Every structure is written in structure tokens, then in C-alpha cells.
Amino acid sequence: MTVSNIEPNLQNNSISALQTNGHYLTIFLTILLLCSAVLHAQDIPPKNEANLPKTTPEDTLKVNLKPVLEEANELVQDTVKTDSIKPPKETLTNIVDYYGEDYVLLNRKENKVYMYNNAYIIYGDMRIDAGLIILDYNKNEVYAKGIDSAGVYSQRPVFVQATNKVEPDSIRYNFDSEKALVFNSRTDQNGFRVISEVTKKVNDSVVYLRNVKFTTSKNIDDPEYYFYTRKAKFVPKKKIVTGLTNMFIADVPTPVGLPFAYFPLTEDRTSGFIIPSFGDNNSRGFFLQNGGYYFAISEYLDFSLLGDYYTNGSYALRGETSYSLRYKFRGNVSARFEKLIDEERGFPGFGERSIYNIRWSHSQDPKSSPNSRFSASVNIGSSKYFSESINQTNNASALVNTLSSSVSYSKTFEGEPQVNLSLAATHSQNTKTQAISMSLPNLNVNVSRIYPFAPKDGTKKGIIENINFQYDVTAENRIQTTDSLFFKPEMFNSAQIGAQHNIPLTTNFKIFKYLSASAGTNYRETWVLKSTRKRFDETINNGLGGVVQDTVAGFESYRTYNFSTSLGTTLYGLFNFGNDKKIQAIRHVVRPSIGYNINPAFDRYYDEFIIPQTADEAAQVVEYSRFENTLYGAPSKIYSSSIGMSLSNTFEAKMRDRDTTAVEPKKVTLLNNLNFSTAYNLAGDSLQWSPLQFTGSIPIIPKLDFNFSGSLDPYALDNNNNKIDVFNINNGGSLFRLTNANVSINYSFSSKDFDGSGKKDLDRIDNETFRNGGRPDDLFGEATDIYDGQIYNEDDDDQELDKTNVEWYNYTIPWDMRLAYTITYGNSQRQNEISSQSLMVSTNMELAPRWTVGVSSGYDFKNKGVTLTQFRFQRDLESWQMSFNWTPIGSINTAWYFFIGIKSSVLSDIKYDKRRESDKRL
């Protein structure tokens with residue numbers, strides 16, 4: 001029967017007879033009651049007669065459902081509370097809720113309900129939205145399809161059950177068996193997009209597919225690639241198992257095929273094998289690289305073990321783990337070892353060496369423990385790891401000369417005074433000299449400032465009330481070793497242990513209201529557990545004798561102290577030119593200061609021994625300190641008394657703003673921190689004036705850093721270019737000699753600085769090179785790990801472009817550029833030369849929305865040659881990515897690396913990469 005006058009509040013229907021206390025007979029009883037309540041008959045033709053059964057005027061009725069449904073509810077209620085006969089199993093155990101925007105047709109002969117236009121039906125956790133939905137009570141089935149109007153198929157069905165969503169052309173679903181038959185379905189499963197011609201849903205855990213396409217492409221209607229199979233079994237959120245599978249690119253079949261395929265679809269991390277890549281190397285033969293196993297230990301911890309193998313015997317192992325506890329801490333650990341063999345044994349080019357690298361990064365959420373903190377940043381390894389590793393192409397890291405590490409724990413004990421404790425282990429390694437310095441561990445405890453004479457209320461005034469002192473102690477175990485002895489017992493032979501106690505006593509006060517004065521003294525006590533003794537032994541060197549140095553174990557200490565005072569002020573100069581001028585005013589800020597420092601001579605900590613007279617030389621008295629080779633060195637035996645002077649200048653201008661609507665003038669810094677400093681030694685007999693040091697920076701334009709520094713010496717040189725105690729101006733020269741100077745210019749800008757579209761951060765702070773101690777930008781090239789190759793992140797929706805909206809040509813090409821120029825001048829001994837001069841440049845251009853090219857290079861004007869040069873080509877192929885890095889010039893031999901692969905992490909093993917290694921032996 002056709003319903004044409006349903007009241008608005010009944011447009012969303014719910015048949016009460018389908019509730020939990022109803023059964024199959026109740027459904028038919030409800031239908032009969034509805035039919036018996038017919039008031040008028042009216043034939044309403046459907047909008048699409050092809051989709052509906054033929055009806056007669058006797059079959060179509062015009063009814064008002066509201067009173068009928070109320071009466072049906074009363075009649076179907078079971079008045080018998082106890083029944084000895086076991087009721088039959090209920091057909092429907094949930095409410096069936098359905099809706100049709102244009103009409104809802106109930107056909108009494110066929111026992112079907114038709115819903116048309118923006119229709120839906122809800123049963124339990126199942127919902128179907130479609131243009132046309134037919135509910136068959138005889139079979140307890142629902143059939144849904146779209147609307148075909150003028151050749152346009154619209155309102156396709158959308159089937160949702162729990163978290164599964166399918167968008168087919170049509171669907172049949174049975175309420176009893178909960179089985180479904182779906183035609184031309186489209187579904188998304190954990191990053192996989194599945195297109196199936198016919199899908200048979202057996203139950204919640206098993207689905208069979210026929211003529212299936214699998215892809216990760218965003219455009220599911222026209223994917224740029226897909227895997228095709230005729231038959232497949234699909235277990236939601238777990239796996240897809242297929243038969244013969246072939247890869248298609250742009251609907252063209254490729255030779256890439258498998259007799260069967262397995263696609264994991266888990267939402268959580270799961271353990272599994274990592275497929276290695278393969279290739280060949282001229283000096284090491286064929287290889288399998290970066291294959292291994294991934295262990296998903298828990299949601300807080302994972303671990304991956306990877307390895308490489310070359311047919312000439314070279315191999316590499318790498319273990320990596322990441323851990324995280326929300327609101328507490330997070331970190332990662334990486335350990336890498338490589339055994340490198342060049343050529344074959346017996347050949348002239350044969351070589352064998354081992355390199356390693358260990359990295360650990362740990363950070364703590366500051367809110368988890370405000371009074372204590374633990375952090376770690378470790379980068380330890382072979383000095384030649386980054387230049388010789390076969391598992392990465394990182395030119396910039398190979399140029400870094402220092403590896404450093406720090407693991408620290410700090411805790412604050414609240415109170416008055418506050419006590420701060422820190423325990424740390426540090427490491428510094430020079431990759432050129434292979435020298436390693438470690439502090440393992442060092443302890444520092446300091447007590448906050450204490451003002452013994454400060455008033456309980458109000459501010460502190462005067463010398464007495466501002467008197468304060470502190471206390472801190474530093475203890476350290478320092479190890480000096482080399483790369484070859486690292487992790488060997490010999491590295492601990494030269495360990496030095498010591499501690500220093502410091503008690504600074506200071507005060508500050510005002511003089512004549514505008515002068516700020518400070519005075520203080522510092523008491524320091526040093527403890528060591530090893531000291532040195534020297535003597536002359538006549539029995540060594542075949543009776544010629546010599547100096548013998550002995551290391552004596554035992555507690556030794558010495559105490560030192562000094563005194564210092566300073567006086568400073570701030571002066572302001574303002575030069576007004578008028579509000580009608582372009583430069584309305586210039587302000588000059590001057591901060592002069594003068595200080596005095598005195599250090600007594602602590603010669604009581606020095607001893608003497610005598611070298612006897614020989615036929616060629618007279619007897620000598622040699623003075624030494626037993627603290628010479630200790631952790632903190634020996635105290636000074638030279639009395640010093642000096643006056644230090646400094647002058648800081650800042651120039652600012654007030655200029656008329658070009659914006660005529662601006663109310664206030666614009667402030668511009670002309671010269672920032674032009675500083676001069678020197679000192680005069682009151683205790684010296686000659687060369688009492690120290691060279692005049694100057695530094696400054698000029699902010700010419702935004703993002704341009706112009707920094708300069710230098711040294712001016714007032715003393716002259718003799719004919720042998722040695723400094724003499726004669727002022728240069730008295731020797732026929734100028735007032736000062738420029739002995740050295742340095743100028744550095746750094747400029748970064750981009751196309752966004754000119755089109756007004758915003759500010760772009762050019763520095764990639766969190767990159768591989770920066771973590772290894774290098775620059776945060778790509779001025780010396782970008783780093784690419786061979787085992788990664790990822791450039792674009794497929795999970796970053798902001799970076800993805802809809803294929804239908806892509807502009808394949810850029811009328812305005814986005815670009816960015818970094819420039820770094822430095823020049824150093826030396827003239828300490830009349831050499832008058834440029835000791836170094838170089839220009840570095842790095843630029844990237846986006847030729848198209850998915851095509852980026854970049855280059856990093858430079859020129860050394862001193863050595864007249866091009867510095868390390870890298871070309872980068874990167875292409876975003878929507879579901880794929882491609883990159884090519886080429887280093888034609890550099891400190892290492894020519895190298896290149898090509899990579900193409902699928903962006904999705906699910907299919908990251910489907911890739912191709914090829915490279916030419918640089919000659920690591922150069």
C-alpha cells in the first residue's frame with residue numbers, strides 16, 4: 001500500500017511489532033491490522049516504475065498510520081505472563097528503523113516495503129543508505145541500489161556495520177544469517193582501498209571477493225596503480241589472502257606477479273619480517289640489504305633488527321627500538337655495526353675495517369615531574385662512521401668534525417635556600433684527530449643565593465643588605481682517550497678524579513644614583529686523588545741521568561681566592577631631525593663599564609728540584625707544581641692585577657612609515673651591539689695593554705645577518721715580526737694594527753617573502769644532520785638513509801593534493817634559498833692575507849605541485865675550487881614517490897642514489913633503489 005499523507009512526525013518509521021517481544025506472526029498481524037484500517041484507495045505511481053512491481057488500484061491504499069500503529073501496539077502485547085509452550089526463535093531481535101524522502105510504499109501482496117530517494121534502513125549496528133531500498137519480510141532481506149536518472153547513477157548504497165564501511169553499486173543483506181551480497185563494492189581497510197566486482201559477506205570475520213583490485217591510491221575510481229586478482233579472502237582488520245595476483249600501472253599489466261599474495265590489515269603494530277632489497281656493488285659483490293624482523297613488543301615498546309650481507313663477506317647489523325609512555329617520557333635507541341671488506345683477499349685493493357655508531361635520545365614530559373628531570377642525547381661511534389657507512393648517503397654528516405653526547409639527571413630540593421643537584425655523563429669526540437674526552441660521571445650541587453642581611457620585608461638597599469653568597473661543588477671523573485682505545489681497559493688508565501668547591505661572596509649598590517657598582521670575592525678549594533712528583537735520576541739513560549715523573553695516589557688539595565669589582569652605567573643620546581623628515585630621530589645607547597681584578601700568586605704549591613751541572617751546561621733549578629697534570633691544573637704562581645674596560649653601542653632610528661595609515665613611526669636598528677673591550681695589566685712590566693677586541697652586527701634587511709669581529713693590537717713588530725714593547729704609532733705606524741678579522745653573512749629568503757603569502761621556516765631542525773651535530777638546514781646537502789628513502793609522508797593529508805584539482809603547471813614557482821658567506825683575515829705577523837673565504841648556497845624550487853629540484857654547492861675563493869655539491873630531484877607520484885640525489889663534487893668521490901617506491905607504509909617494501917657508492921678509502 002502506498003502512504004501519501006503520513007504526518008511529519010511519522011516520516012521516520014519504527015514498527016513496534018519488530019521489538020524484542022515480537023515474533024514472525026506478530027509481523028503479519030501488524031500488516032493485517034494496517035490493511036483492515038484502510039479508509040480510501042488511491043493509486044500513486046512511483047517515480048521509477050522499473051524499480052517497483054506492477055500494482056493495481058486494489059493494491060494501493062491511502063492510510064494514516066498513526067492510529068493504526070497505536071492500535072497494533074495494544075493488540076500485539078502478550079497478556080499471558082507465563083506460557084508453557086516455548087516460543088519460537090524471534091526473527092528480528094532489534095528495531096528496524098527506515099525512511100524514504102519521496103515515499104515509503106508497503107505492498108501487502110509481496111509483503112515488501114519500498115523506500116525511495118535518500119532512503120535508509122537501520123537494524124542493530126547495520127545501516128544502509130541508498131536511493132532505493134526494498135525490505136522483504138518474507139525472506140527477511142533488504143535490497144539497496146542507487147537511482148539511475150538520465151544515464152547518471154547517483155545515491156549509491158553505503159553499507160556500514162560496526163566500523164566497516166562499503167560503498168557498492170547494489171547490495172543484498174539477510175537479517176537472519178547476516179550474510180550480504182555486494183556488487184562493485186569500494187571499501188577502505190587500514191590504508192588499503194579495495195575494489196571488488198562481487199563481494200560475499202559470510203559473517204563478521206570472513207568475506208569472499210571476486211575480480212578484486214587493491215590499491216593505496218587516493219583516487220579509487222581511477223587509481224594510478226593497483227594489484228588485480230580474481231579470487232580473494234578478506235578477514236576485516238586482519239588480512240587479505242589472494243590467488244594469482246598481478247600489478248597494473250595506469251591499467252596496463254606489468255610483469256610483476258605472484259602466485260599468491262598476503263596483505264596484512266591490522267590497525268595495531270604487529271611483528272613480521274622486513275623484506276630486504278637487493279643489488280650489486282663493484283667492490284663487494286651482490287648484496288641483500290636491510291632485511292630483518294620487526295618486533296611489536298607492546299603499545300609502548302617496539303624493536304627492529306636489520307642486517308646486510310655482501311657476497312665478499314661484508315655485513316652490517318642494526319638494531320633500533322622506540323619507546324613511549326604518554327605524559328611521562330619518550331625516546332629511541334639505535335645501535336649499528338658494519339664489517340667492511342673491500343675487494344677480495346689476495347688482491348692489491350683488499351681492505352678490512354669495522355665501524356659502529358650508537359645513538360640514544362630520551363626526553364621527559366616536564367609536567368610528569370616538575371622537580372626532577374632525566375634526559376639523554378647520545379651519539380657515540382667510530383670517527384669514520386658517517387664518511388664510510390654503506391647504509392646511508394649523508395654528505396653533511398660526513399663533514400661534521402665533532403660527535404657529542406650527554407646523559408643527565410637533575411633534581412631540585414625546594415626550600416630556603418633551594419638546593420639543585422645534577423648528575424651527568426658527557427662525551428666529546430673529534431672525528432679528525434680521533435681524540436675522545438669523557439666525563440663519566442660528573443656531579444654538581446649548588447645552593448641558591450643567600451642574603452644574610454636582607455630585610456624581611458621590602459627591597460634590599462645598600463652594600464650590606466645586598467651582600468650574598470652561594471655554595472657549589474663539582475666533582476668529576478674525566479677520561480682522555482682515542483678512538484682506537486675506546487671501550488678497552490686501557491682507556492681508564494689516564495682517568496683523572498677531582499672536585500672543586502666554590503663560595504662566591506658578592507654585593508651590588510648604586511653610586512651617585514646613576515652608577516651601578518658591584519664587588520666580590522671568590523674562595524675555591526680543589527681536591528684531587530692523584531698528584532705528580534718530579535726528580536732528577538742520575539742512573540737512567542746509561543748514566544747520563546734524566547727527569548723522572550711519578551704519579552702518586554692519595555688525597556691532595558689547594559685553595560685559591562681572588563677579588564674583583566666593576567662600575568657601569570647606561571647613557572642615552574637622542575638626535576632629533578623633525579617629524580617631517582624621513583629619518584625623524586636617531587637614538588644612541590652607550591653602556592660603558594670598567595672593572596678591576598686581582599689574583600694573588602700561589603707559589604707555595606710549587607716545588608723545586610736541581611739538575612746537576614754538566615760539562616756543557618750549568619746546574620739548573622727546575623720549578624714545578626704537583627698539581628700540574630691533575631684534573632683542574634695547577635694554581636697560578638704569577639701575581640696579576642688588571643683593569644678591564646668595555647664599551648657597548650646600539651644605534652636605532654625612528655623613521656616615517658611608508659604606510660600612510662600608520663599612527664606611530666617605525667623603529668629600525670642601524671647597528672646592534674657594537675662592542676669594544678680591552679684590559680691593562682697593572683702587574684706587568686711590558687706589553688701591559690691587551691689587544692682591543694671588537695664585535696658587532698648590522699641588520700641590513702630582515703633575515704640577513706651581517707656579523708663582524710676583529711682584534712686591534714696597539715704594539716708594533718720588530719724586523720723578525722715579533723711583538724715588542726713599543727706602541728705602533730710610535731714606530732711610524734697607525735694607532736692600532738688589525739691583526740685578525742672575520743665577516744660572516746647569512747641570508748635566507750623565499751618566494752613567500754615577495755608575494756606576501758606568509759613567512760616560511762626554512763630550517764629543518766629535526767633532521768639527521770642536525771642530530772649528528774651539524775647544521776639544521778641543507779646548506780651542505782640533505783641526508784638520506786638507504787633503508788628509508790621516504791620523502792613524502794602519505795599520512796600527511798595537508799601535503800596530499802586532490803588529483804582533480806592539481807595544477808600541472810605553476811605560473812608562480814615557489815622557491816627558497818640560503819646564502820652563507822664568510823671571510824677571515826690574518827695579519828698577526830705581517831702576513832696580510834685572507835686565510836679563508838668561501839660562499840655556500842642552497843636552493844629548492846617547486847617546478848610543479850609534485851616536482852621539486854634542489855642544489856647545494858659553494859666556492860672556496862682561497863683554494864679556488866668548488867666545494868661539496870649535491871643535486872636533488874624529488875617527484876611526488878601521488879601513491880608513489882621518486883628521488884634522485886647526485887653528488888658530483890665533494891671531499892668524497894662521485895656518488896648518486898635513485899629511489900622509487902610506494903609511499904604507504906603497508907606496501908613500503910615495494911620499491912626499487914639503485915646507487916653508486918663513493919670511494920670510502922679516499
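This structure is a prediction, so every number in the text was calculated from the model and none was measured. Positions are given from 1, in the same order as the sequence printed here.
- When all heavy atoms of Ser709 and Thr695 are compared, the pair lying nearest together is CB-CG2, 3.8 Å.
- Of the N and O atoms on the side chains of Thr412 and Asn371, not one donor lies less than 3.5 Å from an acceptor on the other residue.
- At most 12 non-hydrogen atoms from other residues, nucleotides or ligands lie less than 6.0 angstrom from CZ of Arg330.
- Looking at Tyr471 and Asn502, their side chains never bring a donor and an acceptor atom within 3.5 Å of each other.
- Formation of a donor-acceptor pair under 3.5 Å by the Gln364 side chain with backbone atoms of Ser372 is found in this model.
- Annotation: side chain of Phe486 is in contact with side chain of Thr481 (closest heavy-atom distance under 4.5 Å).
- Summarising the geometry of Thr560 relative to Phe602, their closest heavy-atom pair is CA-CZ, 3.6 Å, with the distance given to 0.1 Å.
- Side-chain N/O atoms of Ser856 and Ser842 include a donor and acceptor closer than 3.5 Å.
- From Ser439, atom OG reaches atom CZ of Arg478 across 7.0 Å, with rounding to the nearest 0.5 Å.
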Could you check Arg336 against Glu338 for salt bridge (charged side-chain N to carboxylate O under 4.0 Å, His left out), going step by step and ending with a plain yes or no? CA-CA 7 Å; Arg336 307 179 184 183; Glu338 297 181 16; over 6 Å; no

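- When Ser646, Ser648, Ser677 are each tested for a side-chain hydrogen bond (donor to acceptor under 3.5 Å, both in side chains) with Ser593, only one passes: Ser646.
- Minimum interatomic distance between Phe708 and Ser697 (heavy atoms only, all atoms of both residues): CE2-N, 3.9 Å.
- Shortest non-hydrogen contact noted between Pro452 and Ile467 is CD-O, 3.4 Å.
- For the pair Lys637/Tyr605, no side-chain contact is recorded, criterion being any heavy-atom separation below 4.5 Å from C-beta on.
- Between Phe627 and Tyr558, the distance separating the two ring centers is shorter than 6.0 angstrom.
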Mind running side-chain contact (heavy atoms from CB on, under 4.5 Å) on Leu317 and Leu306 for me, showing each step along the way? CA-CA 6 Å; Leu317 294 174; Leu306 302 175; over 6 Å; no

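- Of the inter-residue distances, the one linking Ser404 atom OG with Asn430 atom CG reads 12.0 Å to the nearest 0.5 angstrom.
- Contact check for Thr321 versus Leu301: side-chain heavy atoms found under the 4.5 Å cut-off.
- The closest side-chain donor-acceptor pair between Asn442 and Asn444, if any, does not fall under 3.5 angstrom.
- The closest side-chain heavy-atom distance from His501 to Trp527 is below 4.5 Å.
- Note that the CD atom of Gln500 and the CD atom of Glu476 stand 9.5 Å from one another [nearest 0.5 Å].
- A donor-acceptor pair is defined here as one N or O able to donate and one able to accept, closer than 3.5 Å; no such pair exists between the side chain of Ser625 and the backbone of Tyr606.
- Glu414 CD: more than 12 foreign heavy atoms inside a 6.0 Å radius.
- Applying the 6.0 Å contact sphere to CD1 of Ile643 captures more than 12 heavy atoms from other residues, nucleotides or ligands.
- Counted by atom type alone, Ser690 and Thr678 present zero donor-acceptor pairs between their side chains at under 3.5 Å.
- Residues Tyr323 and His362 bring their aromatic ring centres within 6.0 Å.
- Residue-environment remark: CZ (Arg326) stays at or below the threshold of 12 foreign heavy atoms within 6.0 Å.
- When only modelled atom types and interatomic distance are considered, Asp483 and Ser382 share no side-chain donor-acceptor pair under 3.5 Å.
- Between the side chains of Ser484 and Gln434, no donor N or O sits under 3.5 Å from an acceptor N or O.
- Here the closest heavy-atom approach between residue Gly520 and residue Phe563 is recorded as O-CD1, 3.3 Å.
- For the pair Lys411 and Phe413, the cation sits on the ring face: its NZ or CZ lies under 6.0 Å from the ring centre, inside 45° of the axis.
- Not one N or O on the side chain of Arg591 forms a donor-acceptor pair closer than 3.5 Å with the backbone of Thr569.
- Aromatic ring centres of Tyr293 and Phe295 lie closer together than 6.0 Å.
- From Leu674, atom CG reaches atom OG1 of Thr650 across 8.5 Å, with rounding to the nearest 0.5 Å.
- The local environment of CZ in Phe512 is sparse, with at most 12 non-hydrogen atoms from other residues, nucleotides or ligands closer than 6.0 Å.
- Residue Tyr300 places its OH atom among 12 or fewer non-hydrogen atoms of other residues, nucleotides or ligands, all under 6.0 Å distant.
- Side-chain contact between Arg587 and Tyr572: present, with at least one pair of heavy atoms (C-beta onward) separated by less than 4.5 Å.
- How far CZ of Phe374 is from CG of Leu423: 9.5 Å, rounded to the nearest 0.5 Å.
- Gln496 places none of its side-chain heavy atoms less than 4.5 Å from the side chain of Thr630.
- With respect to Glu490 and Lys488, no salt bridge is recorded, no charged nitrogen being found less than 4.0 Å from a carboxylate O.
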Worked check of side-chain contact (heavy atoms from CB on, under 4.5 Å) between Ser566 and Ser518: CA-CA 5 Å; Ser566 65; Ser518 65; 2.6 Å; yes

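- Residue Asn290 comes nearest to Ile274 through the heavy atom pair O-CG2, 3.8 Å, listed as atom of the first residue, atom of the second, then distance.
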Using side-chain contact (heavy atoms from CB on, under 4.5 Å), reason through Val378 and Val407 one step at a time and then give a plain yes or no. CA-CA 7 Å; Val378 176; Val407 180; 3.5 Å; yes

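- Here the CZ atom belonging to Phe329 is positioned 10.0 Å from the OG atom belonging to Ser363, to the nearest 0.5 angstrom.
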Carefully, step by step, assess Phe749 and Tyr747 under the rule ring-ring contact (aromatic ring centres under 6.0 Å, His included). CA-CA 7 Å; Phe749 57 105; Tyr747 188 29; 4.5 Å; yes

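- Asn597 and Ser642 form no side-chain donor-acceptor contact under 3.5 Å, judged by distance and modelled atom types alone.
- Asn420 is not listed as a side-chain neighbour of Val447, based on a closest heavy-atom distance of 4.5 Å or more.
- Residues Ile698 and Asn672 have side chains not in contact (no heavy-atom distance under 4.5 Å, counting atoms from C-beta outward).
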Please assess Thr822 against Asn742 for the test side-chain contact (heavy atoms from CB on, under 4.5 Å), listing each intermediate value before the final yes or no. CA-CA 7 Å; Thr822 180; Asn742 176 266; 3.6 Å; yes

Run the salt bridge (charged side-chain N to carboxylate O under 4.0 Å, His left out) test on Lys530 and Glu556 for me, step by step, so that the C-alpha distance in whole Å, both residues' side-chain angles and the decisive distance to 0.1 Å come before the verdict. CA-CA 7 Å; Lys530 292 181 181 179; Glu556 294 278 358; over 6 Å; no

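- The main-chain N or O of Asn466 is found under 3.5 Å from a side-chain atom of Asn468 such that the two form a donor-acceptor pair.
- Between the side chain of Thr532 and the main chain of Thr551, no donor-acceptor pair closer than 3.5 Å is present.
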